[in-house]
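Quick note on labels: first sequence line is chain A, next is B, and so on, each numbered from 1.
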Protein chains: 2
Amino acid sequence: MLKISRITDYATVVMAYLAQNPVDIHNAKDITTHTHIALPTVSKILKLLAKAELLISHRGANGGYSLAIEPKKISIASIIKAIEGDVGLTECAHTDSHCQIEASCSIRGNWRVISQIVLNALEDISLLEMVSPMSTQSVSVDKLKQALSEMNTEQQGLQDE
Amino acid sequence: MLKISRITDYATVVMAYLAQNPVDIHNAKDITTHTHIALPTVSKILKLLAKAELLISHRGANGGYSLAIEPKKISIASIIKAIEGDVGLTECAHTDSHCQIEASCSIRGNWRVISQIVLNALEDISLLEMVSPMSTQSVSVDKLKQALSEMNTEQQGLQDE
DNA sequence: TTTAAATAGTACTATTGCGGTCCTAATTAT
DNA sequence: ATAATTAGGACCGCAATAGTACTATTTAAA
Ligand code: FES
Ligand code: FES
């Protein structure tokens with residue numbers, strides 16, 4: 001259903017929590033108690049985030065994790081990528097796809113473009129924004145829509161030539 | 001991995017095929033042979049699309065399906081919705097969510113907003129565009145990105161007040 | 001130097017969701 | 001009447017995912 005896996009969702013929760021104290025080091029247990037996500041799950045998430053270099057891990061006693069860069073510079077897209085690997089909206093859009101109907105499919109390329117558009121949208125939302133509440137009926141959406149329709153008409157022109 | 005289910009992907013293929021002959025009535029068998037998607041699967045997809053009123057079904061002998069409205073007016077988002085029901089990027093973003101950490105989760109609202117943004121992007125891509133090839137490195141992406149970053153800085157302002 | 005606290009890495013299981021199939025009823029042109 | 005179709009479910013098996021557990025490694029502190 002065009003959705004992100006739950007673990008990824010949890011990852012954003014964890015990151016959001018850490019973003020509230022960007023400097024401090026938090027260990028897994030601490031994060032568990034504050035986010036109410038099961039300890040093993042938190043642990044798993046933290047490892048993935050560290051591997052993706054969004055977090056810095058501090059091993060040994062008094063260890064834990066801290067943000068690698070400031071919340072403003074961390075995009076939602078980067079968190080998603082950290083957990084889910086490379087993202088494509090459709091199965092077939094991936095490079096190594098072996099879709100059965102691939103031969104007679106004319107829209108694969110287009111899905112790639114669309115994936116990019118969505119990714120770009122997520123790339124431009126930072127963790128910082130995630131922490132503070134967004135305005136639900138923000139002007140932004142209208143603005144976005146306008147930009148998109150402009151882009152569409154332009155493309156239309158390209159296609160017609 | 002932030003992906004659309006394969007059936008939805010197939011649905012776009014079916015719709016794209018129909019869009020090439022917007023007037024004609026095609027039955028399931030015809031569509032199967034042209035798209036190379038298995039017959040039962042095609043059948044299933046067609047039913048869903050008809051239920052969502054994207055297609056008109058003609059029952060009985062010589063029956064089949066035809067587009068309910070012109071390709072230009074059919075958005076990718078509407079196709080996705082037809083197959084996958086209401087869309088939300090995260091599990092919890094749905095109304096009837098019973099996420100365990102719901103109580104202590106501060107970002108649920110924001111995920112709703114983000115879902116909306118993505119949806120809007122898909123809302124503005126029509127089936128017509130899906131049929132003709134999009135330019136892969138289109139100017140549009142840059143334009144979109146620009147619009148988004150503008151929107152971000154504006155929001156930043158809102159938050160700081 | 002020893003101990004305890006913490007992460008790294010990996011392997012495992014259970015469950016859910018999804019893709020795909022099939023069957024019966026209802027409808028309609030011939 | 002008959003044949004061709006869609007409507008609407010029920011159904012199953014697989015694969016991906018969520019969640020757990022265990023061992024090795026690292027490091028601060030006693
Ligand atoms: S649907 Fe698989 S390649 Fe187009
Ligand atoms: S993660 Fe479920 S409500 Fe926020």
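- Candidate nucleotides D/dT17, C/dA8, D/dT6 were compared by shortest atom distance to the side chain of B/Tyr65, and D/dT6 ranks first.
- Between the CG atom of A/Leu49 and the P atom of C/dT7 there is a distance of 13 Å, rounded to whole Å.
- For the OP1/OP2 pair of C/dT21 and a distance below 4.0 Å, the side-chain nitrogens and oxygens of B/Thr41 include at least one atom meeting the criterion.
- The distance from atom NZ of B/Lys47 to atom P of D/dA10 is 13 Å, rounded to the nearest whole Å.
- No N or O donor and acceptor, one from the side chain of B/Arg59 and one from the base of D/dA7, sit under 3.5 Å apart.
- Each of D/dT20, C/dA8, C/dG19 was ranked by its minimum atom distance to the side chain of B/Ile7; first place goes to C/dG19.
- D/dT17 atom P lies 16 Å from atom OH of A/Tyr10, rounded to whole Å.
- Between A/Ser43 and C/dT7, a side-chain N or O to OP1/OP2 separation shorter than 4.0 Å is absent.
- Per the geometry, CG belonging to A/Asn27 stands 15 Å off C1' belonging to D/dT26, to the nearest Å.
- Judged by closest nucleotide on DNA chain C, A/Ser57 is the one of A/Ser57 and B/Pro40 placed further toward the 5' end.
- Here C/dA4 is the nucleotide among D/dT6, C/dA4, D/dA18 with the atom lying nearest to any side-chain atom of A/Ala61.
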Open item on the list: I'd like to know whether B/Ile31 forms a side-chain contact (heavy atoms from CB on, under 4.5 Å) with B/Leu18, so could you lay out the CA-CA distance, the side-chain angles of the two residues, the decisive distance to 0.1 Å, and finally the verdict.
Closed with: CA-CA 8 Å; B/Ile31 297 174; B/Leu18 291 178; 4.1 Å; yes
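- Base engagement by B/Lys44 is indicated by at least one non-hydrogen atom pair under 4.0 Å involving a base atom.
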Distance-only check: which donor-acceptor pairs under 3.5 Å involve side-chain atoms of residues 36-56 of chain B, not counting sequence neighbours?
| unit_1 | atom_1 | unit_2 | atom_2 | d |
| --- | --- | --- | --- | --- |
| B/His36 | ND1 | A/Ser104 | OG | 2.9 |

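- When the side-chain nitrogen and oxygen atoms of B/Asn62 are compared with OP1 and OP2 of D/dA4, none of them lie within a distance under 4.0 Å.
- In this structure, NZ of B/Lys29 is placed 8 Å from P of D/dA4, rounded to the nearest angstrom.
- If you measure from atom CG of B/Leu48 to atom C1' of C/dG19, you get 13 Å, rounded to the nearest angstrom.
- Annotation: side chain of B/Ile80 is not in contact with side chain of B/Ile83 (no heavy-atom distance under 4.5 Å).
- Taking the side chain as every heavy atom from C-beta outward, B/Val131 and B/Tyr17 never approach each other to under 4.5 Å.
- The distance between atom NE2 of B/His58 and atom C1' of D/dA4, rounded to the nearest whole Å, is 15 Å.
- A heavy-atom distance below 4.5 Å is not found between the side chains of A/Glu70 and A/Leu128.
- Taking atom CG of A/Asp30 as the reference point, atom P of C/dT7 lies 10 Å away to the nearest angstrom.
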